[in-house]
Number of protein chains: 2
Amino acid sequence: MSKTNSTVEDSATTLKAMIAGENRRVTSYDVAQLAGVSQSAVSRCFKPGASVSKATYALVMKAAALLDYIPNAAARSLITRRSNMVALIITNQANLYYPELLAELSQQLTARGQRVLLFTLQHEGDVDRVLADVWQYQVDGVIAAARLTPEHVAEFERRRMPLVLFNRKLRDQSVNTVTCDHVESGRMLASRLAAAGHRQFGIIAGNDPYSVATERQRGACERIAELGLPAPVVVPGAYDYRSGALGLKAIIAQLGSLPDAIICGSDVMAIGCLDFARHELGLDVPGQLSVAGFDAVEPSNWISYNLTTLRQPLPKMAAAAADLLCSRIDRHETDTERRVFSAQFIEGATARLTPVATSMTPPAMATPSLRLPIAIM
Amino acid sequence: MSKTNSTVEDSATTLKAMIAGENRRVTSYDVAQLAGVSQSAVSRCFKPGASVSKATYALVMKAAALLDYIPNAAARSLITRRSNMVALIITNQANLYYPELLAELSQQLTARGQRVLLFTLQHEGDVDRVLADVWQYQVDGVIAAARLTPEHVAEFERRRMPLVLFNRKLRDQSVNTVTCDHVESGRMLASRLAAAGHRQFGIIAGNDPYSVATERQRGACERIAELGLPAPVVVPGAYDYRSGALGLKAIIAQLGSLPDAIICGSDVMAIGCLDFARHELGLDVPGQLSVAGFDAVEPSNWISYNLTTLRQPLPKMAAAAADLLCSRIDRHETDTERRVFSAQFIEGATARLTPVATSMTPPAMATPSLRLPIAIM
DNA sequence: TTGTACGCGTTATCAG
DNA sequence: CTGATAACGCGTACAA
């Protein structure tokens with residue numbers, strides 16, 4: 001017994017030396033030779049659910065272990081036409097502001113047997129370069145948290161490449177999407193704030209007609225109009241901290257006074273707005289001004305902020321995206337589906353959410369519109 | 001002329017239909033047939049710097065465009081033994097706290113012609129599963145911002161797989177690393193704080209003997225000891241916001257009084273510490289207590305914090321890691337190199353950095369050690 | 001259950 | 001510069 005073993009191991013050693021000498025990789029043929037079976041037997045041993053006898057399986061696995069053999073995914077994908085790779089296209093911004101998204105998507109895809117080929121976009125214009133790689137690398141499908149043009153989406157269809165858009169929509173085009181209802185979120189927030197008596201709103205929106213911040217603004221504006229409140233002052237923002245301060249300044253300048261509440265298209269802008277209001281303008285938030293954001297990013301929950309905001313169910317959305325994509329891949333389904341989630345309201349403490357106690361006074365008077373010194377403009 | 005063109009385009013259409021009917025992909029043979037050249041000619045047209053005549057190139061490119069042909073990377077990598085993919089192994093934590101790192105690495109690798117196969121680790125124990133995939137997918141090299149055991153690294157050597165560790169070291173092992181000198185950072189910070197007269201330190205470190213927070217703590221402790229100051233109180237932390245508050249409580253409890261300064265192993269812990277000190281304990285920072293962190297994450301620069309911290313040159317480090325890896329890949333170099341960067345001090349406003357003005361008083365007395373009410377424990 | 005023979009789509013070699 | 005041919009390493013009918 002021990003003699004047989006040592007023979008196998010010796011053969012393995014000499015075989016490995018030979019392979020190294022020929023400067024090639026260990027293949028299933030090498031394993032087959034060492035195990036004394038055919039190459040197809042080896043192949044079957046590495047295919048889950050194939051029919052192999054216990055004995056051959058053991059032989060093959062031993063030989064494979066001795067040679068450090070691992071199947072070559074490139075060769076496999078050539079014949080199976082499945083790479084078990086999914087491309088993830090994500091903007092830098094998305095990863096900066098929602099770092100947990102990447103981890104969630106990656107986990108969900110891994111759990112479904114897919115590897116992640118990552119493409120980060122510095123500028124939205126890099127999409128073409130990225131797509132060229134996507135076609136070359138024969139990924140099984142794509143999840144995109146980036147803006148694609150209708151032409152891009154058409155190319156996915158032409159190449160029969162499954163695609164799921166994450167938090168992006170495409171007007172008038174049939175495409176799988178997983179989104180949070182940002183318009184609804186905007187409406188919810190406006191409703192809550194209006195119910196608490198806020199009348200004059202300022203809104204720091206996005207800088208792009210299709211951004212989530214813009215949709216949130218649309219929802220808020222819709223609701224505000226429905227309630228017959230004064231038209232809100234809307235200014236653009238670039239999602240970053242600085243935009244919060246700039247936006248607040250612009251709103252005050254445009255209005256000539258303080259609004260009752262500021263709705264920011266994202267938490268980071270809300271935090272920028274909040275810091276500026278409190279520390280530069282010396283305002284009491286929410287006493288003199290309510291500030292709210294969207295996303296419930298980690299810092300929004302820190303003591304210094306405790307922001308009033310809405311949370312997207314990111315883990316659920318990531319799972320939905322992975323599900324949607326993998327079902328399209330596995331069953332070659334070509335129908336499209338849109339899965340829409342709702343955000344969850346987080347009360348926080350930067351917006352007044354109940355009407356001021358003074359009984360008969362109309363809510364409009366609750367937060368007096370303070371005249372600000374010229375200096376702060 | 002127009003007749004010829006339309007003929008080519010018609011052939012393309014019928015060819016495409018045929019290919020779709022056979023349910024196979026467009027190959028270089030199809031392009032060759034349509035262009036009326038050999039398959040090798042097509043191949044050469046897609047290889048940069050191959051020798052092809054202008055005429056054939058034009059013919060081939062036209063045919064390729066008509067058929068939407070793109071070379072198959074799997075087939076190519078099978079023969080070239082280069083996948084032009086690099087695996088990036090990163091812990092969730094690293095991506096959560098340094099989201100810009102991923103973008104930087106991705107950009108730098110892309111710029112060097114490599115795609116990124118991403119593996120995120122929920123637990124450090126997932127490494128084995130991830131490595132199995134790494135071997136299968138024939139990546140050209142690996143950048144790991146995660147803890148690898150010496151056995152793991154040995155397997156990289158055995159398989160001749162280029163590896164660069166990012167901000168991780170391995171004792172007594174020859175491996176490429178790109179790191180920031182965290183011990184030096186700890187020393188720098190301790191020096192600056194000691195020079196300003198702080199004597200009694202509290203340190204919120206890591207929870208792992210090899211973490212960056214632990215190295216920073218070691219550096220700080222070394223320097224504090226060299227300066228002959230009282231032994232600092234060291235408590236463990238888990239890198240998150242909550243650990244900052246817990247750590248501060250523990251330090252105060254252990255010391256029975258306030259320390260002069262708290263050194264936190266990361267910014268997020270420093271922010272947690274700061275918020276707790278200011279908003280829960282009602283302390284004046286830096287008046288009664290100095291707080292400093294490491295990393296200069298984005299929130300550390302927000303008005304509410306303006307944290308005293310040290311910045312790692314992440315973009316440079318990412319470029320260095322990509323350089324190191326790609327040179328090992330291209331030139332099959334097997335020597336190892338360690339590239340070490342220094343952090344940059346960010347003054348901020350949460351630590352007193354100049355001695356208190358009172359001339360003859362020893363610095364020790366500068367910040368009186370306030371006795372705290374039992375309640376806060 | 002096992003082995004034979006073939007093909008996946010490309011690049012590399014070499015003769016013309 | 002071009003074309004024929006042989007790999008690359010594996011999965012899978014098919015026959016045994």
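Each chain gets a letter, A, B and so on, in the order the sequences are listed, and its residues count up from 1.
The residue B/Tyr29 sits close to a base: some heavy atom pair falls under 4.0 Å.
The side chain of A/Thr80 has D/dG11 as its nearest neighbour among D/dG9, D/dC8, D/dG11. Residue A/Arg76 places its side chain closer to D/dG11 than to any other of D/dT2, D/dG3, D/dG11. Here D/dT2 is the nucleotide among C/dG7, D/dT2, D/dT12 with the atom lying nearest to any side-chain atom of B/Thr56. For B/Ser51, whose side chain is taken as the heavy atoms from C-beta onward, the closest listed nucleotide among C/dT10, D/dT2, D/dG9 is D/dT2.
Between B/Asp323 and B/Arg112 a salt bridge is recorded (basic side-chain N to carboxylate O distance below 4.0 Å). Between B/Asp330 and B/Arg82, at least one side-chain nitrogen of the basic residue sits less than 4.0 Å from a carboxylate oxygen of the acidic one, meeting the salt-bridge criterion.
Not a single donor-acceptor contact under 3.5 angstrom links the side-chain atoms of A/Arg82 to the base of D/dG11. Not a single donor-acceptor contact under 3.5 angstrom links the side-chain atoms of B/Ser43 to the base of C/dA12. The base of D/dG11 has none of its N or O atoms less than 3.5 Å from a complementary donor or acceptor on the side chain of A/Arg81.
Phosphate proximity of C/dT2 to A/Ser40: absent, as no side-chain N or O sits under 4.0 Å from OP1 or OP2. Between B/Tyr69 and the phosphate of C/dT10, there is a side-chain N or O to OP1/OP2 separation shorter than 4.0 Å. Between D/dC10 and A/Lys47, no contact under 4.0 Å exists linking OP1 or OP2 to a side-chain N or O. Contact annotation: B/Ser53 reaches the phosphate of D/dT2 (side-chain N/O to OP1 or OP2, under 4.0 Å). Side-chain N/O atoms of B/Ser38 include one lying less than 4.0 angstrom from OP1 or OP2 on D/dG3.
Per the geometry, CG belonging to B/Asn23 stands 17 Å off P belonging to C/dG7, to the nearest Å. Taking atom CD of residue B/Gln39 and atom P of nucleotide D/dA7, one finds them 16 Å apart after rounding to whole Å. Atom CD1 of B/Ile79 is separated from atom P of C/dC8 by 16 Å (rounded to the nearest Å). Protein atom CD of A/Glu22 is 14 Å distant from nucleotide atom C1' of D/dC8, rounded to whole Å. Look at CZ on B/Arg44: it is 8 Å from P on D/dG3, rounded to the nearest Å. Rounded to whole angstrom, the span from the CG atom of A/Leu78 across to the C1' atom of C/dC6 amounts to 13 Å. Across the protein-nucleic acid pair, B/Arg24 atom CZ and D/dG11 atom P stand 22 Å apart, rounded to whole Å. Protein atom CH2 of A/Trp135 is 20 Å distant from nucleotide atom C1' of C/dT10, rounded to whole Å.
A donor-acceptor pair is defined here as one N or O able to donate and one able to accept, closer than 3.5 Å; no such pair exists between the side chain of B/Arg25 and the backbone of B/Ile19.
Remark on DNA chain D: of its neighbouring residues B/Ala75 and B/Val37, the 5'-side contact belongs to B/Val37, judged by nearest-heavy-atom nucleotide. Summary of the strand contacts: B/Ser28 and A/Tyr57 both lie near DNA chain C, and taking for each the nucleotide with the nearest heavy atom, the more 5' one is attributed to A/Tyr57.
Annotation for B/Arg160: atom CZ does not count as buried by contact number, only 12 or fewer foreign heavy atoms lying within 6.0 Å.
From A/Met85, atom CE reaches atom CE of B/Met85 across 5.0 Å, with rounding to the nearest 0.5 Å.
In plain terms, the two heavy atoms of B/Glu155 and B/Trp135 that are nearest each other are OE2-NE1, 3.2 Å.
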